[in-house]
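Note sheet for the following structure.
In this chain, numbering begins with 1 at the start of the sequence shown. Here the structure is a predicted model, which means the values were calculated and not measured.
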Amino acid sequence: MKNVAIIGGGIAGPVTALALRKAGMDATVYEAYPTGADGAGGSLALAPNGMAALEIVGVAGAVRAAAQPSTRSVMTLANRTRLELPSPAGVGPLHTVRRADLYRALRDEAVRQGVRVEYGRRLTGVEGDTAVFGDGSRARFDVLVGADGVHSTVRRLIDPDAPGPKWTGMLGLEGVSSYEVPEDPKTTVFAFGRRGYYLYWRNAAGGSTWGVNLPYHRPLSLAQAREVPREEWMRVLREIYGEDVPGRDLIRHTPATSMQVTGALYIMPSVPRWHRDRMVLVGDAAHAPSNSSGQGASLSIESAVQLARCLRDIEDVPRAFATYERLRRSRVEKVAARASKANHAKTPGPVMQKLMPLLMPLLLKTFMDPDKTVGPEQRYRIDWDAPVGALS
């Protein structure tokens, strides 16, 4: 393969390009936006399995340098109940990193290795073995990888009847507050407030970062959300979280200029077709569990690496794609199913709000054994050097 075209320059796209380079293949990344993602996006958590996959493409060190490790998790319920969340044994910390910093680490390594990135190239269609872009330009490919997110164009080209993303009923917002929560910087608190869910942690450099999953009456694109003045979003946040501790103080001590909205939160239903001919999906275009999973970015990184392994070891491209799907589908759909259940708890009705302080401690003791739930997810490792066997 001489021409691998990767559509999308977010996370999965650059990781795919780096993994292909490691496998001895060159790729070009085509990004729809005219510039990179510097400064865009909120924070995300990379699980140990995601960091292990970044080690393979040589970016884990740079990401660790930009991230804040989290070794302890706490849950609070309606300002009354505080529960220590058990962690699976021996898997290492989560690494919380700003999406822009993760993007920068991937971009810098891609540039260092000579990966070509072309901006302002929005895919509009495919004609045979040629990608067609909105500016009229074209690019021939031997393989086309759709790393273009939940609203993927490549997914529709593979299957016009493919399902689209499902809105969770929430918007994502994040901010940095001068208020310092009384927590160790390595502790992340997941708070179920009186009217909405939020999380927060103390920054090692001072202040605290918070993020909310704001219940909202309709989905908003990132552009639509940013059309709303920040002062209006701050008013809404004070209304929803004003009775919560420490939500009230976190919001009160957050300048509007340090708050950003990241748009509607989506989850992908099961996508029937991940590939067709010489087109294939990777990352959120194929599987986007809700942010409740704590695995969205990590699974995207894993899939990018596994796709490169399959293309490295299996000459027949359709068979390589089928093997890649076999390696990935079961894993990502199990994570998505777990996260979907957690989503319902983020928007509880009045009755469930009263029952949660009673039910959650029982659930933690009985059904939420981390070594049986998130443990297998976080211990997963890709053996890059092992040859991939083709699906017969």
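- For Asn49 and Glu302, the side-chain atoms include at least one donor-acceptor pair closer than 3.5 Å.
- For Asp129, the salt bridge (Lys or Arg N to Asp or Glu O under 4.0 Å) criterion is met by Arg140, not counting sequence neighbours.
- The stretch residues 62-92 participates, sequence neighbours left out, in no ring-ring contact (aromatic ring centres under 6.0 Å, His included) pair at all.
- In this structure, the side chains of Ile56 and Ile382 come closer than 4.5 Å at one or more pairs of heavy atoms.
- Counting only N and O atoms by type, the side chains of Thr188 and Ser70 include a donor and acceptor under 3.5 Å apart.
- In this structure, Thr168 contributes its side chain and Leu265 its backbone to a donor-acceptor pair below 3.5 Å.
- Checked against side chain to side chain donor-acceptor pair (under 3.5 Å), Glu243 has no partners two or more places apart in sequence or in another chain.
- Linking ILVMFWY side-chain heavy atoms closer than 4.5 Å, directly or via other members, places Leu222 and Met268 in two distinct hydrophobic clusters.
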Start with the C-alpha gap between Trp210 and Ile251, add the side-chain angles, then the distance that decides, and say whether side chain to side chain contact (heavy atoms under 4.5 Å, CB included) holds.
CA-CA 9 Å; Trp210 54 263; Ile251 301 301; 3.8 Å; yes
Could you check Val388 against Thr323 for side chain to side chain contact (heavy atoms under 4.5 Å, CB included), going step by step and ending with a plain yes or no?
CA-CA 8 Å; Val388 177; Thr323 303; 3.6 Å; yes
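- From Leu250, atom CG reaches atom CD of Glu180 across 11.0 Å, with rounding to the nearest 0.5 Å.
- Under the 30°/60° scheme for interplanar angles, the aromatic rings of Trp274 and Tyr324 are found to be tilted.
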